[in-house]
Protein chains: 2
Amino acid sequence: MFSIGEFSRITGISIKALRLYHEKELLRPSFVQSRTGYRYYNERDVEMARVIVRLREFGFSLSEIQTILGQYTDDQEILDYLQARREAVDAELAALRNVTASLNAIIQNEQEARRLMKQADYEVEEKNIEPMLIAGVRMRGKYSDCGQGFSRIGKKLGRYICGKPLCLYYDGEYKEEDADFEACMPVRKHVETEGVAVRELTGGRCFSLLHRGPYDQLGRSYEKILKYVKERGLEIILPTREVYLKGPGMIFKGNPRNYRTEIQLLVR
Amino acid sequence: MFSIGEFSRITGISIKALRLYHEKELLRPSFVQSRTGYRYYNERDVEMARVIVRLREFGFSLSEIQTILGQYTDDQEILDYLQARREAVDAELAALRNVTASLNAIIQNEQEARRLMKQADYEVEEKNIEPMLIAGVRMRGKYSDCGQGFSRIGKKLGRYICGKPLCLYYDGEYKEEDADFEACMPVRKHVETEGVAVRELTGGRCFSLLHRGPYDQLGRSYEKILKYVKERGLEIILPTREVYLKGPGMIFKGNPRNYRTEIQLLVR
DNA sequence: TCTGCGCCCTCCCCCAAGGGGAGACTCAAG
DNA sequence: CTTGAGTCTCCCCTTGGGGGAGGGCGCAGA
């Protein structure tokens, strides 16, 4: 016979929990002194306690354990419970995997953004751009609706995205209302999906300027880079591109003053 | 301005939850009519609500969310929180993976046992046994201590076990006290571990008898199979083997009357 | 004008699985 | 007999709300 303290040390179950199990008739001490109310446990209770610990590790609730203990004494007989439990655990696993995936995406994104913040110098720069595989949604209307395009790509091809979102502008000029543009995401893999076109975006010689600040100030940066290109007598190839290096976050909208957008003009 | 009911429908957060968030100063309605106490929310609150939903999906507690919302407005600034959260989620994932693994092991075990129960006919049978890779712990003492051997193998090589536990008996006769035996488990892979020997167990011509019931009745089945073998003038090769097809379960000890043990005697 | 309805409010209790602690006994040893 | 450790019951607290009681508010129909 063990007192509750000894029994607690033996089984690793806290005294509080033991009293709770007693109250719920899950694990009844083999003897209770009626005068003092002291609980006493024996060897067989130890065995029962181990079973309970086992089942709790599997995530069964106390009431489920009560049912199981009340009716069955063999693993074989609780197969249904075990299978149900496994399914529930698998569902939890799937949900958690989604969570880590999202968290990882955000973390990676922001870490890249952080690196970017350090090295940028905000001057027009000439460089060569590699071709890349992109998924795009061609749209017509207001620029600010491009978010819908991105979210559609995210939903369909979220798993394959491998770079920063960008937007292609097919109009030679700024259009307020009826703009013709395409929301794009670099992807790893060519996947056929309706509503989203996957194709290779050409590379080439390019002038780029990093714009910092909110989108409604983009005009100034365009002015700067266009002047730069025009001075050199270069011919711009449409569509022009904007790469959203850092925009509204996945959680917060963030501070627009910290947004970073790269304007890319491909030239012949 | 939305009433709490409208706001609830917009954001997908229950009215109860909204009132709780208000009480915890997590999401304050933009206007509260002092006379009636009615809560009114606006567009910006919708945005805030989405952030909260997002963070809750990641598993942040309400108090964590309060801290985050109170101090930061950019994904970048909460990177530390996100990373901490990811680690916590990864830990949960690992724990759950263990749970499913254990559950799967038990379920598979019991399903095999169930199949076994149906086909068995409890007569001496001649068959050929394939060699197999086993992990073994050689022991000396009482047979009933073999459980310690099995648990040691389980701890060291649990991941590689691929069959039913068995026991090898090196004594030609029954010994009560100072028996020489080896607790074994079939394994998939040769792994070097101290205290556990992994090697190939030879196969060959074999007579086997399925014993059903508790272990203390094994004597009768031995009598039966030994008589059978002796009648045919065959020479037994030591060690003899017992395969525990169904014994005490991983959770319950189960009913000994349902235990199934296969006695295997290899012969020349 | 009365009544009913649909919302909304606060306040209280409830869930799981115990943890923490107060105040009162009890046990065992010195 | 005392003392300290162990145990008892009882109550409140946690998280993230759910359920419902009792009452206020405004609007529409009879």
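Remember, it's a predicted structure, so these values are computed and weren't measured experimentally. Proteins get letters first, then strands, A, B, ... in listed order; numbering begins at 1 in each.
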Does B/Arg56 place a side-chain N or O at less than 4.0 Å from the phosphate oxygens OP1/OP2 of D/dT15?
no
Among B/Lys246, B/Lys253, B/Arg114, which one satisfies salt bridge (charged side-chain N to carboxylate O under 4.0 Å, His left out) with A/Asp74?
B/Lys246
For the residue pair B/Tyr40 and B/Tyr38, does the interplanar ring angle fall in the parallel (under 30°), tilted (30 to 60°) or perpendicular (over 60°) class?
tilted
Taking 4.0 Å as the cut-off, does a side-chain nitrogen or oxygen of B/Arg39 come that near to OP1 or OP2 on C/dT10?
yes
Parallel, tilted or perpendicular, judged at 30° and 60°: which one describes the rings of A/Tyr41 and A/Phe7?
parallel
Quick test: give all pairs of protein nitrogen or oxygen and nucleotides 21-25 of chain C nitrogen or oxygen below 3.5 Å, distance rounded to 0.1 Å.
{"residue": "C/dG21", "atom": "O6", "partner": "A/Lys16", "partner atom": "NZ", "Å": "2.7"}

Is there side-chain contact between B/Met250 and A/Arg54, with at least one heavy-atom pair below 4.5 Å?
yes
Can you say whether the rings of A/Tyr244 and A/Phe150 are parallel (under 30°), tilted (30 to 60°) or perpendicular (over 60°)?
perpendicular
To the nearest Å, give me how far apart CD1 (B/Ile15) and P (D/dG20) are.
14 Å
Rounded to the Å, how far apart are A/Phe31 CZ and D/dT7 P?
15 Å
Measure the angle between the two terminal helix axes of the helix from C/dT1-D/dA30 to C/dG30-D/dC1, five base pairs each, and quote it to 10°.
40°
Sugar-phosphate only, base, or nothing, as touched by B/Ser14 at under 4.0 Å among non-hydrogen atoms
sugar-phosphate
Can a donor-acceptor pair be found, under 3.5 Å and without considering hydrogens, that links the side chain of B/Arg260 to the backbone of B/Leu116?
no
On a heavy-atom basis, the closest approach of B/Ala49 and B/Thr11 is CB-CG2, 3.6 Å
Carboxylate-amine/guanidinium proximity below 4.0 Å for B/Arg85 and B/Glu92
yes
At under 4.0 Å, does any side-chain N or O of B/Ser63 touch on OP1 or OP2 of D/dT15?
no
B/Gln33 atom CD, neighbour heavy-atom count above 12 within 6.0 Å:
yes
When all nucleic acid strands are considered with a 4.0 Å heavy-atom cut-off, which category describes B/Tyr21: base, sugar-phosphate, or nothing?
sugar-phosphate
Rounding to a whole Å, what distance do you find between A/Tyr40:OH and D/dT7:C1'?
9 Å
Nearest-angstrom distance from the residue atom NE2 of B/His22 to P of C/dC11
13 Å
Rounded to whole angstrom units, what separation is found between the CG atom of A/Leu27 and the P atom of C/dA17?
15 Å
Given D/dT15, C/dA17, C/dC27, identify the nucleotide with an atom nearest to the side chain of B/Lys24.
D/dT15
Tell me what A/Gln33 touches on the nucleic acid: a base, only sugar-phosphate, or nothing, going by heavy atoms under 4.0 Å.
sugar-phosphate
Please report, rounded to the nearest Å, how far the C1' atom of C/dA28 is from the CE atom of A/Met1.
17 Å
Separation of C/dA17 P from A/Phe58 CZ (nearest whole Å)
16 Å
Checking the side chain of B/Gln76 only, and the main-chain atoms of A/Ala113 only, is there a donor and an acceptor separated by less than 3.5 Å?
no
May I have the distance from A/Leu20 (atom CG) to D/dC11 (atom C1'), rounded to whole angstrom?
15 Å
Residue whose closest nucleotide on DNA chain C lies nearer the 5' end, A/Ala17 versus A/Arg35
A/Ala17
